[in-house]
Amino acid sequence: MSGKIPKYFITELLSRTNIIELINTRLELKKYGKNYQTNCPFHHDKTPSFTVSNEKQFYYCFGCNAHGNAIDFLIQYEHLSFIESIEELALIHGVKIPFENTVQNSIYVKKQKLYLLMEKICKLYKKNINVTHLANKYLARRGINQNMIDFFLIGFSSLKWNEFYKKINISKEFEQELLINNIIATDKNGYIYDRFQGRIIFPIQDNHGRIIGFGGRSLNDMSPKYLNSPETDIFYKRKQIYGLYQVIKKCSKPVYLLVVEGYIDVITLTQYNIDYAVSILGTSTTTEHIQLLFKNTDIIICCYDGDDAGKNAAWKTLKKALPYISDKKTLKFILLPNQEDPDTIIRKEGREKFQKRIDNAITMSKFFFKNILKNINLSSDDDKFHLSVHALPLINTISSDTIRIYLRQILARMIGILDDNQFEKFLYEKETKNTQKTYFQIKRTPMRTLIGLLVQNPSLAKLAPVTMKFKNLQIKGLSIFLEILQTCRDNPNIHTGQLLELYRNTTIINVLKILARWDHMIIQKETQNMFLDLLMNIHDKILEKRREYLIAKERKKGLQMNEKKEIWSINKKLSKR
């Protein structure tokens, strides 16, 4: 199959990956016994129920049942595909994925080529700004210093593409690659041009610092004023945030992220040592943006113009963010004076006054009710009803019980519900009934317990006597046990996370994942004894079945000498138990 990743490579990749370190760069893990714990990122978790085992290289949430190895975590937390999660781990460890029978135009190869092309074109833009008086003049007028130009890799695309590639010595082969990947374009007459020509260039970087796209700002009132790269296999506007890489580079876990509207706003604020500024790429805020921001901080502060457009944008952002707000994650707002943006106002006020605006940002609850009460007359019963009908569905999207009840309590008082009994009725009559998730469960049996112990402790495989003869006499689960036992013997240093990965997409993976998180209610040092006892008991059961078969055969047909000796041997073994 084209593009298939060899299993040996995935196993090796997982052996290089420490799941504790991987998760700890995204969540704050705390040592708890021999494991690590934190609040689960996949559901509203009041107390830490997300457990990560260093020994097993496996995570499990006792609240929502999320579980898996390092690859599963990236799939669930980063919303990556299986292939993308492998690419992420390969990038972390600096190794190349050895796709089997990879064709030249495969997605992976195309993406690698795009990264290389974007890096080269970024260097060309950067080189070009140093020889262009027009670009330097514009940046100087905007007060952007050389440190910021270098830090954000700011460049310039000349007015004519022909002049650009002649001066920089772009080969025809390179030019064709840019055309094929839609980085440059041709007009209806076949003239090759850079869609960013005549613009200041703001390279957009992913979380690894790779160039994935560009934003361009015109210098001569060319429309549109701002232009972004077209979407490619490595660039999706609804999932990218400008400046986030630079923020994380300075501080891996920022206290807050200040979301502003433009590239220049981010750069100017950073120049004034407001080091937490980021920007959405010329689109309205998406749920993907909200999730990405909350993955990197607990507080999002949205800074908008104070006009109607800015207020409306802020309200839309809040509505999209409500399902992701929790006891730890919150949203705040700054509304600037009319005709002001972060770039202009910080130059007028200075850093200290702008920091006060950040410190005094409007809380989520105040901003929510300020907007929901627009054109509402609280002395009118009809308006109170209208308020309740529109506010409750939004409040109910919040996953946090504490915040949801708090906001409904404020709403109840606004519409005149002061009596405790009335409030209780109001509080719960519109409550959406939580449908309890039914997780796939299996009954405990000695065989499943035996398999579970082996999956959780692959090193137990070396304790199973090689001389022990197992014969499949309709013992349920025996074939699975023997297969896993052999896998563990073939891979002496394998851990739980790697073992489960080998069985991904097989018919037994769901059962194995359940067995991987079973609590056997025994102390660790007794694990070996329990495993051996179960192993011997199952072996005895096999011997008993074999003896029953031979006895029945003797009554009907009689036995040969070797079969009589086998019965004698079985009786001897069973008598020693």
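Computed over heavy atoms, backbone and side chain alike; hydrogens, waters and symmetry mates excluded. By convention here, the first residue in the shown sequence is residue 1.
Gly33 and Lys31 get closest at one heavy-atom pair: O-NZ, 2.6 Å. In terms of heavy-atom proximity, Ile274 sits nearest to Gln355 at CD1-OE1, 3.6 Å.
Of the N and O atoms on the side chains of Thr317 and Tyr304, at least one donor lies less than 3.5 Å from an acceptor on the other residue. The closest side-chain donor-acceptor pair between His43 and Ser399, if any, does not fall under 3.5 angstrom. Counted by atom type alone, Gln246 and Gln205 present one or more donor-acceptor pairs between their side chains at under 3.5 Å. Using a 3.5 Å distance cut-off with no hydrogens or angles, the side chains of Ser379 and Asn377 do pair a donor with an acceptor. A side-chain N or O of His79 and one of Gln291 form a donor-acceptor pair less than 3.5 Å apart. When only modelled atom types and interatomic distance are considered, Arg210 and Tyr115 share a side-chain donor-acceptor pair under 3.5 Å. A donor and an acceptor atom, one from each side chain of Ser400 and Asp327, are located under 3.5 Å apart. At a cut-off of 3.5 Å, with distance as the only test, no side-chain donor of Asn228 or Lys237 sits close to an acceptor on the other residue. A donor and an acceptor atom, one from each side chain of Asn24 and Glu28, are nowhere located under 3.5 Å apart.
Taking the charged nitrogens against the carboxylate oxygens, Arg26 and Glu88 do have a contact shorter than 4.0 Å, which makes a salt bridge.
Proximity of Arg217 to Lys225: side-chain heavy atoms (C-beta onward) are separated by under 4.5 Å at one or more points. Contact annotation: the side chain of Gln498 approaches that of Ser15 to within less than 4.5 Å [non-hydrogen atoms, C-beta and beyond]. Within the 4.5 Å cutoff, no side-chain heavy atoms of Phe368 are placed close to those of Thr363.
Checked by atom type and distance alone, the side chain of Arg504 never pairs as donor or acceptor with a backbone atom of Leu500 at under 3.5 Å.
Below 30°, between 30° and 60°, or above 60°: for Tyr242 and Tyr263 the angle between ring planes is above 60°, a perpendicular geometry. Aromatic ring orientation, Tyr77 versus Phe42: perpendicular (interplanar angle above 60°, classes split at 30° and 60°). By the 30° and 60° cut-offs, the orientation of the rings of Tyr59 relative to Phe73 is perpendicular.
Other residues, nucleotides and ligands place no more than 12 heavy atoms under 6.0 Å from the NZ atom of Lys316.
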message = Pair His289, Gln240 - check side-chain hydrogen bond (donor to acceptor under 3.5 Å, both in side chains), show working.
response = CA-CA 7 Å; His289 290 141; Gln240 303 299 335; over 6 Å; no
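Geometrically, Lys348 does not engage Phe354 in a cation-pi contact, judged by NZ or CZ lying under 6.0 Å from the ring centre and within 45° of the ring axis.
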